[in-house]
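Letters go in sequence order (proteins before strands), and every chain restarts at 1. For clarity, every value in this text was computed on a predicted model and none was experimentally measured.
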Amino acid sequence: MKPDWGIRGANKRPHRQAPSSMAGSPKSLPQRLGNPVIGIIGSGDFSRSLAIRLVASGFSVVVGSRNPKRIPKGLFPDGVELRSQREAVDSAERVIFAAIYPEHYSTLVGLRDGLAGKVLVDVSNATRLDDGELSNAEQLAELFPQSRVVKGFNVISAWALQTGAHDGSRQVLICSDCSDSKATVVQLTRRLGFSPVDLGGLVASRDIEKAPLHLFPSWEGATLVTFLLFLFFYGYNVVKHVLLPYLAHGEHNFYQLPLETVNQTLPAVALILLGLVYLPGLVAAVLQLARGTKYKRFPSWLDRWMCRRKELGLMSFLCAGVHAVYSMCLTLRRAAGYRLLNAAYRQVKAGVENSWEEQQVWRSDLYLSCGILGLGVLTLLALTSLPSVGNALNWREFTFMQSGLGYAALTLSIMHTLFFGWDFAFFPEAYRYYLPPVYLLALILPCVVLVGRVLLALPCLALRLAKIRRGWESSRHRPSHSQGQEITSGRVSPQNFGDV
Amino acid sequence: MKPDWGIRGANKRPHRQAPSSMAGSPKSLPQRLGNPVIGIIGSGDFSRSLAIRLVASGFSVVVGSRNPKRIPKGLFPDGVELRSQREAVDSAERVIFAAIYPEHYSTLVGLRDGLAGKVLVDVSNATRLDDGELSNAEQLAELFPQSRVVKGFNVISAWALQTGAHDGSRQVLICSDCSDSKATVVQLTRRLGFSPVDLGGLVASRDIEKAPLHLFPSWEGATLVTFLLFLFFYGYNVVKHVLLPYLAHGEHNFYQLPLETVNQTLPAVALILLGLVYLPGLVAAVLQLARGTKYKRFPSWLDRWMCRRKELGLMSFLCAGVHAVYSMCLTLRRAAGYRLLNAAYRQVKAGVENSWEEQQVWRSDLYLSCGILGLGVLTLLALTSLPSVGNALNWREFTFMQSGLGYAALTLSIMHTLFFGWDFAFFPEAYRYYLPPVYLLALILPCVVLVGRVLLALPCLALRLAKIRRGWESSRHRPSHSQGQEITSGRVSPQNFGDV
Amino acid sequence: MKPDWGIRGANKRPHRQAPSSMAGSPKSLPQRLGNPVIGIIGSGDFSRSLAIRLVASGFSVVVGSRNPKRIPKGLFPDGVELRSQREAVDSAERVIFAAIYPEHYSTLVGLRDGLAGKVLVDVSNATRLDDGELSNAEQLAELFPQSRVVKGFNVISAWALQTGAHDGSRQVLICSDCSDSKATVVQLTRRLGFSPVDLGGLVASRDIEKAPLHLFPSWEGATLVTFLLFLFFYGYNVVKHVLLPYLAHGEHNFYQLPLETVNQTLPAVALILLGLVYLPGLVAAVLQLARGTKYKRFPSWLDRWMCRRKELGLMSFLCAGVHAVYSMCLTLRRAAGYRLLNAAYRQVKAGVENSWEEQQVWRSDLYLSCGILGLGVLTLLALTSLPSVGNALNWREFTFMQSGLGYAALTLSIMHTLFFGWDFAFFPEAYRYYLPPVYLLALILPCVVLVGRVLLALPCLALRLAKIRRGWESSRHRPSHSQGQEITSGRVSPQNFGDV
């Protein structure tokens, strides 16, 4: 038996119906080049944009409105006929879009027989995310049992319809209980220049209708973590450098709040976030080593964490970038100018001809270099998270970028912090009010990750891990006959900012 | 009647012709795996690149040249046969590309019967934009009435043919009066890894042939506005800070022209451009409120303006970015060094031990912070205008970025300017030569926009506007029975830099 | 004869087999909406991700494992049946994926008759690049002569399968000796949301299997050149500014190594790389002028060079960008602070009230401006090398960006360097130890390129070149009848960073 690769709508059609075929034929109506007629019920913005796209893709369109007279001239492009809803339904060959609000579906019951046997496309969105009952599409299907309801195009904005590219760069989620009609809409979608995604039966429409309501769902975790880290370190800095000095010695450092304190906080956040990107990979490796198999699922929290490494990495990049800009603006500050002038005054008064301190020069140059290079590497990593760039990489390149360059960025950032800290951590002044300096706190996690990575690179562990990832299992798991023929090759792991 | 979704070229074919099918079959010529033979007339760069692409996509190619002997070995890849034009035409099964200059079409009349009934693809470009007469494709169709002329591939450079990806990321505009042949070329295009866009009848070829001649048409407006704004503010700065001081007091400030004056001009331009991005949205909202309906078209100038918000926003981002880089380089300037040294000299002479001015410190830190954050938000906005990023956003995310973050950027930029201005605007020195400081002029429009936005957010107006946008109409428009069932939901509005 | 545009798998099927059609039909099994059943042998990560993608695209999947019992619950999504290998093979309608390591193919011989006549997809990768013998797919084809082996999906990582977009932004390289089965897999690939690329017969699998092993092959040249240039200029700077001063006068300049020396080296590298981007275009033009024809191939080294202009340009951009960041951090360095303080000290001691030097102010402002603008233009160029951006440009826009803006960037960079050098090159101090200053060395090549470009723009040469590029040939080449009807129009040349 040979399957029919999704073009069933096409060749199941008896051939004598050729004249009405979409691709047309000499026999079909000349003036419209045999383009099939698509119907749209409703004359709102979405209907208009949909009509424009359909005409631009070589279809003929009939728009059904309840009073076509009222529609201003030129609102719809040429090639679109404005008719009554009934006429539109009748003249549409096979596909009819319902571009009206779900609450008005009931007003269409009069057209039931006209719609019978035709493909009725529901393009509506859900109004709320917490919405248990039937989806709009399911309700429509209940209203029109003889019609074949297909869900689709709700994820496409009227704007994208009107001006978007035809290069299939936008996905259209489609589902229906009639796979025949679904195939028809899939082909239509492709011809409009979108990428159809078949999500199965009409029940999937419950999710599809809610798709446009989500607000960066994959970013929630990373954003929250970043926010909390920022809050903690900002507070810590305020307490140590502003509040306590004021309470204890009446020092007025409040001017530091808007810029200096922020710029002390950001690098700490960036560094820890970068550590959090590579930590889950280590945990996973340790788990596999401990279990001696890769066929046990990871705990769900670890799975979720692994799926958020890209977002964590981009957040780290964001913080690091802002930190860099802040730092480059430091010398623009009046404060910097005043300090320099006062220093000059003191130097002159003290009669010091040369205040040069070799060690300080080395320190500043070293931490600046490491910081710049680290940020540079992070930028390359961030670039590969652009869809169009990442798609051009093969798996080995991707792993090289994420694992290789990723750890290079982590190492450089740690060195940046260490050089910045220099030997100050060994002097009691650094622990004023018994509070350790921020950069020390920020270094703990990243250093742990780096050390862990180095340990995992030791041959004894690395080899065993490689074996396990190729499917080998330690004796206590191994069944009667040897396992591990499946292709795994770690090809599941790579992901932006975080493959180990 | 069921349409045939664009694969007519395939299944209209009598099945006994299977051997020659593109997808091949056991019965077809073994050595070429039943790949169909495509003909190309002409042996230039374009012909060569097209042949390479066709072969790489599993086709067999016959190139017709007037003297095949002269073509150097290895110019064409294996799988390409070099023949006389007549032989090429005869051995091509169905599709023949005419890859010669239009002025030479007449030299092909001898092949007329060979070309009869076959699909002749015209890949030529127009030479001038102001070109009233028939398109090349139409002229070709007149020369070969029995052939089915299809326009296409002229928007693809030989370079893209040869090295471009096969992921359909490039569009190919196609049109023809024979929709049957068009469907064939559409399928061929898709198989070559491009995205076909059906633009209807052959008359569309007039536009298609001119497509490669346009130079950033959508950017004209934004570029012009930016240029004029820059000219005005640069002139204003020159007059106020260089010319008048020189004429009035003989001050030599000409050294400011290359950098300082530019850096005073850029932020003003960026700020006003950002205001211009959000103004049309407000105007549109006000119009809808005043008219009490959304079914009246906007004046065309407003429509055009709305369609250019993205370009205006990116121009604003460009100016803001350059301004930021200029500013970060300010302390690198010799001028900055000299000023500091002289200040140090004066301070020492005056015996001022501490020149610290708390207020100035606050001012500089505040305007720097706002500026950095504002630019950061603008950068996020600019990122979403990358096709590959914007396509990944759903409508709500897009609105959040453009409307939410957009106004955040506008607010931060205004604060940046206000903090920069501080209270100087209240001192007469700021109005030297009776000319108000630049930043004051630059603030007017953006502040108007911001205030307008706040007013529109007042419940009384916001609710009415929401109703109108969902299709409600004020009584004076409403017809006998209630309107507004159409799906509009503002889904037409979102656009980079500018949804309200 | 009409070809069948790659959907042969569909309509060659006798229609009575409709029940098993992929797009399904009322007659097919209701619970799975007539989705065709795809088989997968092996239950590793890749098998799992493939199953998830297939189910998400509306297929039914049967996974064959050697002991299905051991597979943990929930490892595979609903809609996937876990069976023995034999059962999986039997219940698969047409397509079966072999998702096990090649070394285990032999274990499948028992399933030979079950696999007979079915499409067997080999998804394995090569393990080494230097691998002469048969590809895995070819070995599989030898093991199962009655099956139709198709190579594909090995370039897709399990990760991309599971989470990648369905917008066809990823290419899947496919080849097979049975073009019928290949067409089937091509359609399957498209339905999964990938872009199939037909590379012909099964022999192509040797390259396809190695594709995932390459590591940025197109970057090797540019990276090497950049590295060597950096090495040379860094060494040169070390010798001139650190070593010799130490040996000759015991000056301790070693503190310059980490930052200052690097920042003197980067701009030289960036400038020369930018020159190398535009040099090959000039060489090509000169060759064509000298030969009086464009129908002679260029020497292969020139072809290869031309194909690497984009990489060279991006490397130049990288170096220029890092140089910019380094420079903006210069004033953050302790060294800068100390120098300023000491200068202040000297100025006070010397009693110089105003150390202002107009000329130095002009110099620094001019070279900063040119540098910033040059980098800005380079940034725009780099943006167009993002696939999603470059694809949106037509050919004229592309040429404008690459040729027009490219030379603007080159000119600005040269001016940046000239202004930086000012008139120092005319003083003996600049040639300490008889070593010319670095920026002089870096200027030679770019200036040559710029002058060459200007010469080629002279009407006499420009016109002749244009004629040649439109196919005209000088008399000594011209055959009996006039040549040059082929479409060439230089449309082959444009490429990021480098069209002339």
Colleague: Taking the side chain from C:Asp365 and the backbone from B:Arg333, do they hold a donor-acceptor pair closer than 3.5 Å?
Modeller: no

Colleague: Restricting to non-hydrogen atoms, name the atom on C:Val348 and the atom on B:Tyr345 that form the minimum distance, rounded to 0.1 Å.
Modeller: CA-CD1, 4.0 Å

Colleague: Where is the tightest heavy-atom contact between B:His214 and C:Asn394, given as atom of each residue plus distance?
Modeller: O-ND2, 2.8 Å

Colleague: Contact part of C:Trp362 toward chain B, heavy-atom cut-off under 4.5 Å: side chain, backbone, both or neither?
Modeller: side chain

Colleague: Counting only heavy atoms closer than 4.5 Å, note whether C:Ser364 contacts chain B via side chain, backbone, both or neither.
Modeller: side chain

Colleague: Could you check which of B:Val262, B:Leu213, B:Val55, B:Asp167 has the highest count of heavy-atom pairs closer than 4.5 Å to chain C?
Modeller: B:Asp167

Colleague: Which bit of C:Glu358 comes within less than 4.5 Å of chain B, counting heavy atoms only: side chain, backbone, both or neither?
Modeller: side chain

Colleague: Check whether C:Glu397 reaches the backbone of B:Phe216 with its side chain - one donor and one acceptor, N or O, closer than 3.5 Å.
Modeller: yes

Colleague: Is the number of heavy atoms from other residues, nucleotides or ligands under 6.0 Å of B:Glu103 CD greater than 12?
Modeller: yes

Colleague: Heavy-atom cut-off 4.5 Å, strictly under: side chain, backbone, both or neither for B:Ala392 against chain C?
Modeller: neither

Colleague: So, taking the atom named OG in B:Ser57 and the one named CG in C:Leu199, what distance separates them when rounded to the nearest 0.5 Å?
Modeller: 8.0 Å

Colleague: At a 4.5 Å cut-off on heavy atoms, which part of C:Val352 comes close to chain B: side chain, backbone, both, or neither?
Modeller: backbone

Colleague: Mind ranking B:His166, B:Met328, B:Arg346, B:Gln256 by heavy-atom pairs under 4.5 Å with chain C and telling me who comes out on top?
Modeller: B:His166

Colleague: Which one of B:Leu192, B:Thr331, B:Asn391 has the most heavy-atom pairs closer than 4.5 Å to chain C?
Modeller: B:Thr331

Colleague: Determine the minimum heavy-atom distance between C:Arg190 and B:Arg190, stating which atoms define it.
Modeller: NH2-O, 3.9 Å

Colleague: Where do B:Gly168 and C:Ser195 come nearest, in terms of heavy atoms and distance?
Modeller: N-OG, 4.5 Å

Colleague: Compare every heavy atom of B:Pro387 with every heavy atom of C:Val389, then report the nearest pair and how far apart it is.
Modeller: CG2-CD, 4.4 Å

Colleague: What do the steps show when you test B:Arg334 against C:Arg363 for side chain to side chain contact (heavy atoms under 4.5 Å, CB included), and what is the final call?
Modeller: CA-CA 8 Å; B:Arg334 280 304 175 96; C:Arg363 171 183 168 252; 4.1 Å; yes

Colleague: As an exercise, state the distance from NZ of C:Lys310 to OG1 of B:Thr163, rounded to the nearest 0.5 Å.
Modeller: 8.5 Å

Colleague: If I measure from the heavy atoms of chain B, does C:Ile372 come under 4.5 Å with its side chain, its backbone, both, or neither?
Modeller: side chain

Colleague: If I measure from the heavy atoms of chain B, does C:Leu393 come under 4.5 Å with its side chain, its backbone, both, or neither?
Modeller: both

Colleague: Any salt bridge linking C:Asp198 with B:Arg191? Criterion: basic side-chain nitrogen under 4.0 Å from a carboxylate oxygen.
Modeller: yes

Colleague: Just how far is it from atom CG of C:Leu340 to atom CG of B:Leu340, taken to the nearest 0.5 Å?
Modeller: 5.0 Å

Colleague: Let me know if B:Ala335 has heavy atoms under 4.5 Å from chain C in its side chain, its backbone, both or neither.
Modeller: both

Colleague: Rounded to the nearest 0.5 Å, what separates atom CG in C:Leu368 from atom CG in B:Leu330?
Modeller: 9.0 Å

Colleague: Would you check, one step at a time, whether the test side chain to side chain contact (heavy atoms under 4.5 Å, CB included) holds for C:Tyr367 with B:Leu332?
Modeller: CA-CA 11 Å; C:Tyr367 79 70; B:Leu332 289 172; over 6 Å; no

Colleague: Rounded to the nearest 0.5 Å, what's the gap from OG on B:Ser169 to CD on C:Gln171? Could you check?
Modeller: 8.0 Å

Colleague: Which word best sums up how the rings of C:Trp356 and B:Tyr338 line up, parallel for under 30°, tilted for 30 to 60°, or perpendicular for over 60°?
Modeller: tilted

